Amino acid sequence: MTGPTLRLFVALELPAAARDALTRFRDATADPDVWRPVPTESLHLTLAFLGRRPATDVPAIDAVLHAAVGPAPRLALAGALLLPSRRPHVLCAALTDRDGTLTDLQGRVSDGLAAAGVYTPEKRAYRAHATVARLRPRARAPRSIAADPDPLEFAGEALTLFESRLHPHGARYEPLVRLTLSVP
């Protein structure tokens, strides 16, 4: 790669009510000695992590997102989740895809990005989750989480291409392309 590169990912932005419920779950379950919380304003649902890409890829990604946009996925907060399961390093809330629209949207995004040559889809099946905390260095994750997020149904808010800028106190996300989704 020549020229400047950006660390990119495509995500579904969540409405304030969902971010608030995830924050309450995070605050109730994430021991600050073990977990580094994801800031409330950064809570999202990743659809595709592209990694480092040339800045010149952004217009192609923008076109893919415009082609992929559709109705806002209907979601529900499910249970607590530690990922990966063998050696967890993130605390998450699982999400339920109420009518399949999230699976469809993620598939259109993944397939479109792959066809544009800017993404290699993961081999494992997509698993909808929102990361609320990351394991601190040298900390040990618990084997299970005793609490679940409050039950909440909601619709996704926007399909967004983010640049992730790494900092010592956690990543900061800057939206580069944001497409508001229509609620059916």
Side-chain angles (χ1 to χ4, degrees), residues 7-15 17-53 73-111 113-114 119-157 159-162 164-173:
R7 189 171 185 261
L8 301 173
F9 68 95
V10 177
L12 180 68
E13 288 188 63
L14 305 175
R19 289 192 315 270
D20 290 346
L22 290 167
T23 298
R24 287 190 301 275
F25 167 65
R26 178 200 68 206
D27 292 349
T29 58
D31 177 346
D33 291 334
V34 176
W35 301 102
R36 183 174 39 87
V38 172
T40 300
E41 64 276 6
S42 295
L43 294 169
H44 65 273
L45 177 59
T46 300
L47 300 177
F49 181 75
L50 285 69
R52 286 241 166 245
R53 300 295 316 165
R74 291 181 48 235
L75 306 170
L77 293 178
L81 191 59
L82 292 167
L83 293 175
S85 56
R86 286 184 188 255
R87 286 192 166 161
H89 59 265
V90 291
L91 170 62
C92 309
L95 294 164
T96 301
D97 184 3
R98 306 293 290 175
D99 58 7
T101 51
L102 176 65
T103 301
D104 292 345
L105 176 62
Q106 195 278 332
R108 289 191 307 274
V109 167
S110 179
D111 293 347
L113 293 170
Y119 176 66
T120 302
E122 294 192 26
K123 292 182 182 11
R124 64 181 180 232
Y126 179 71
R127 184 176 203 172
H129 65 277
T131 299
V132 299
R134 299 186 182 283
L135 194 63
R136 291 191 180 279
R138 295 175 294 288
R140 192 169 212 155
R143 293 191 184 272
S144 64
I145 300 297
D148 287 323
D150 295 334
L152 177 72
E153 291 188 18
F154 60 94
E157 206 164 73
L159 179 61
T160 305
L161 172 64
F162 283 102
S164 174
R165 295 183 179 168
L166 301 178
H167 294 275
H169 298 291
R172 296 196 182 113
Y173 307 140

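Just so it is clear, the values below take in all heavy atoms, side chains as well, and ignore hydrogens, waters and symmetry mates. Note that the structure is a prediction, hence the values are computed from the model and not measured.
Distance check: Leu159 CG to Arg108 CZ gives 9.0 Å after rounding to the nearest 0.5 Å. To the nearest 0.5 Å, the span separating CG on Leu102 from CG on Leu95 amounts to 8.0 Å. Put simply, CG on Leu105 and OG on Ser110 are 11.0 Å apart, with the number rounded to the nearest 0.5 Å. With rounding to the nearest 0.5 angstrom, the CG atom of Leu77 is 13.5 Å from the NE2 atom of His129. Summarising the geometry, atom CZ belonging to Arg165 is positioned 10.0 Å from atom CZ belonging to Arg172; distances are rounded to the nearest 0.5 Å.
At a threshold of 4.5 Å between non-hydrogen side-chain atoms, the residues Arg7 and Leu166 count as touching. Side chains of Thr23 and Asp27 form a contact here, defined as non-hydrogen atoms less than 4.5 Å apart. For the pair Thr131/Cys92, a side-chain contact is recorded, criterion being any heavy-atom separation below 4.5 Å from C-beta on. Within the 4.5 Å cutoff, no side-chain heavy atoms of Thr46 are placed close to those of Val10. Side-chain contact check for Leu113 versus Asp111: every heavy-atom pair is 4.5 Å or farther apart.
Taking the ring pair (Phe, Tyr, Trp, His ring centres under 6.0 Å) definition, one finds that Phe154 meets it with nothing, sequence neighbours left out. Asp150 pairs by the salt bridge (charged side-chain N to carboxylate O under 4.0 Å, His left out) definition with Arg24, not counting sequence neighbours.
The nearest pair of heavy atoms linking Ala133 to Val38 is N-CG2, 3.9 Å. Contact detail for Val109 and Ala48: the closest heavy-atom pair is CG1-CB, 4.3 Å. Heavy-atom minimum distance, Pro142 versus Leu82: O-CD1, 3.3 Å. In plain terms, the two heavy atoms of Arg140 and Leu135 that are nearest each other are C-CD1, 4.0 Å. Of all non-hydrogen atoms in Pro32 and Arg136, the two that sit nearest each other are O-NE, 2.6 Å. Contact between Ala21 and Leu152 at its shortest, heavy atoms only, is CB-CD2, 4.0 Å.
A donor atom on one side chain and an acceptor atom on the other are not found under 3.5 Å apart for His44 and Ser42. Side-chain contact, Thr40 with Arg19: no donor N or O sits under 3.5 Å from an acceptor N or O.
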Apply side-chain contact (heavy atoms from CB on, under 4.5 Å) to Phe25 and Leu91, showing your working.
CA-CA 10 Å; Phe25 167 65; Leu91 170 62; 4.2 Å; yes
Step by step, would you call Leu45 with Glu13 a side-chain contact (heavy atoms from CB on, under 4.5 Å)?
CA-CA 7 Å; Leu45 177 59; Glu13 288 188 63; over 6 Å; no
Run the side-chain contact (heavy atoms from CB on, under 4.5 Å) test on Thr101 and Leu75 for me, step by step, so that the C-alpha distance in whole Å, both residues' side-chain angles and the decisive distance to 0.1 Å come before the verdict.
CA-CA 9 Å; Thr101 51; Leu75 306 170; over 6 Å; no
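Judged by distance alone, the side chain of Asp31 and the main-chain N or O of Trp35 form no donor-acceptor pair under 3.5 Å. Using modelled atom types, one side-chain atom of Gln106 and one backbone atom of Leu47 make a donor-acceptor pair closer than 3.5 Å.
Classification of the Phe162-Phe9 ring pair by plane angle, with boundaries at 30° and 60°, yields parallel.
The local environment of CZ in Arg134 is sparse, with at most 12 non-hydrogen atoms from other residues, nucleotides or ligands closer than 6.0 Å.
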